[in-house]
Every structure is written in C-alpha cells, then in structure tokens.
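Both counts, for ligands and for their atoms, begin at 1 and track the order of listing.
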Amino acid sequence: MGPKKRSRRELHELEDLVAKHARIEESGWTGVNERTFIAVKPDGVQRRLVGEIVRRFEKRGFKLVGLKLLQASEDLLREHYWELRNKPFFSGLMHYMSSGPIVAMVWEGLDVVKTARKMLGETDPVNSLPGTIRGDYCVEVGRNVIHGSDSVESAQREISLWFRQKELQCWEDGSKHWIYN
Ligand code: DAT
Ligand code: MG
C-alpha cells in the first residue's frame with residue numbers, strides 16, 4: 001500500500017495547523033503549549049466534582065483543549081495503568097476505574113504537567129495538603145477522585161491513548177496576555 005492520499009480539504013486543514021503553530025513559536029512563548037492529561041475518576045463524577053475541578057484549572061489560567069465523558073474499556077484502562085500491572089491493588093484499580101463514566105480532559109499551559117500534579121496533591125489523600133484537590137475532596141488512595149500525568153512523556157502517551165487528534169481543539173486564547181507576559 002502506498003502513502004495515504006489526502007483530500008484537498010485535509011491538506012488545507014494541515015496548512016492551517018502548521019501556520020497556527022508557526023505563529024505560536026514566533027510569539028516567543030516557549031513552553032506555553034505544554035499539555036497534560038487530567039481525568040475525573042468515577043467517584044469524582046458520582047460526587048459531582050467535575051465542575052469544581054474544571055473551575056480550578058480554568059481559574060489557574062490553563063487552557064482547555066479537550067474534554068469528554070466516557071465509560072473506559074478494560075483495554076484502555078489496562079494500557080493506561082500498564083506500569084502498575086503487577087501491583088497487588090491492580091485488579092481493584094481496574095474495577096474502580098470501570099465502575100462508571102470518567103471525564104477525560106487535556107489542559108494546556110506553561111509547566112502544566114508539574115503544576116497540575118501540585119494542584120492534585122499526593123497519590124494518598126492522607127498526605128495531600130488542604131487546598132489541593134485530593135486534600136479537599138477525598139480520604140482514601142483507592143478513591144482519590146482524579147488522575148494527572150506525572151511527566152511530559154507520560155502526558156503525551158496518555159493524551160494519544162485517550163484522545164484522537166481531531167478531538168483536541170487549537171483555539172486562540174483571548175486572555176493569554178493577562179496570563180503570560
Ligand atoms: P498517581 O495517581 O498519583 O499518579 P500512581 O500512578 O502511583 O499515583 O497510581 C495510580 C493510581 O493507583 C492511584 O491514583 C490510586 C491507585 N493506587 C496507587 N497506590 C495504591 C495503593 N497502595 N493502594 C490502592 N490503590 C493505589
Ligand atoms: Mg500515576
């Protein structure tokens with residue numbers, strides 16, 4: 001099979017995307033387009049924490065580029081938590097994560113991976129300071145309401161696992177001059 005033939009429309013869309021990225025590079029705001037994968041776990045959805053969590057990321061100044069509510073398949077969850085497959089809590093974790101819908105999100109901004117982890121708190125809520133999401137809304141490690149990527153590399157892996165390219169929006173942030181200098 002030869003290379004995929006692209007339609008004229010697809011080519012135009014690609015050109016637009018390249019031009020948009022070139023403009024962002026020119027602006028000199030390197031690092032501003034870092035992305036992370038954030039997920040409100042089934043307990044967070046059940047406990048009506050979606051709005052509160054979205055609010056915190058919005059108010060911090062991060063930019064929402066993808067969001068959907070989905071029931072995660074076992075395959076997806078197994079792949080997502082592949083590194084933990086030999087842990088004693090793995091089957092409990094799979095059961096918990098597939099017990100209801102999850103809100104999957106991609107957030108963008110300067111150092112968003114590291115900052116999001118700080119906003120989340122520690123893995124075990126008992127170690128999470130008040131003011132963090134886990135420190136404010138949960139008590140047990142097996143019901144810690146939210147996921148956030150732990151590095152830029154895992155963010156890229158997780159974003160491509162949970163989202164298709166066309167589900168991510170490239171949009172002009174009208175308030176960026178008030179958030180970055
Ligand atoms: P994090 O979610 O902070 O990145 P992790 O990647 O080490 O933490 O683990 C993924 C999830 O697995 C975590 O959010 C909750 C669950 N988990 C981790 N350690 C656990 C434990 N000791 N007992 C039960 N569940 C645990
Ligand atoms: Mg992790």
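In terms of protein heavy atoms, atom 6 (O) of ligand 1 is closest to Leu84 CD1, 4.2 Å. Protein heavy atom at the shortest distance from atom 17 (N) of ligand 1 is Phe89 CE1, 3.4 Å.
Heavy-atom distances between Lys41 and ligand 1 reach below 4.0 Å in at least one pair.
Counting non-hydrogen atoms of neighbouring residues, nucleotides and ligands closer than 6.0 angstrom, the CD atom of Glu74 reaches no more than 12 such neighbours.
By the 6.0 Å and 45° rule, Lys68 stacks over the aromatic ring of Phe163.
Contact of the Val32 side chain with the Lys176 side chain is not registered, since no non-hydrogen atoms from C-beta on lie closer than 4.5 Å.
Of the candidates Val141, Asn144, Thr123, it is Thr123 that places a heavy atom closest to atom 3 (O) of ligand 1. Of the candidates Arg117, His147, Lys87, it is Arg117 that places a heavy atom closest to atom 4 (O) of ligand 1.
Closest of all the heavy-atom pairs between Ala116 and Thr36 is CB-CG2, 4.2 Å. When all heavy atoms of Ala155 and Ser149 are compared, the closest pair comes out as CA-OG, 3.4 Å. Listed here is the closest heavy atom pair of Gly135 and Thr132: N-OG1, 2.9 Å.
Contacts of Leu120 with ligand 1, taken as heavy-atom pairs under 4.0 Å, are absent altogether. Residue-level proximity to ligand 1 for Arg134 is carried by the side chain, the only part with a heavy atom below 4.0 angstrom. Here Arg143 has no heavy atoms under 4.0 Å from ligand 1, in either its backbone or its side chain.
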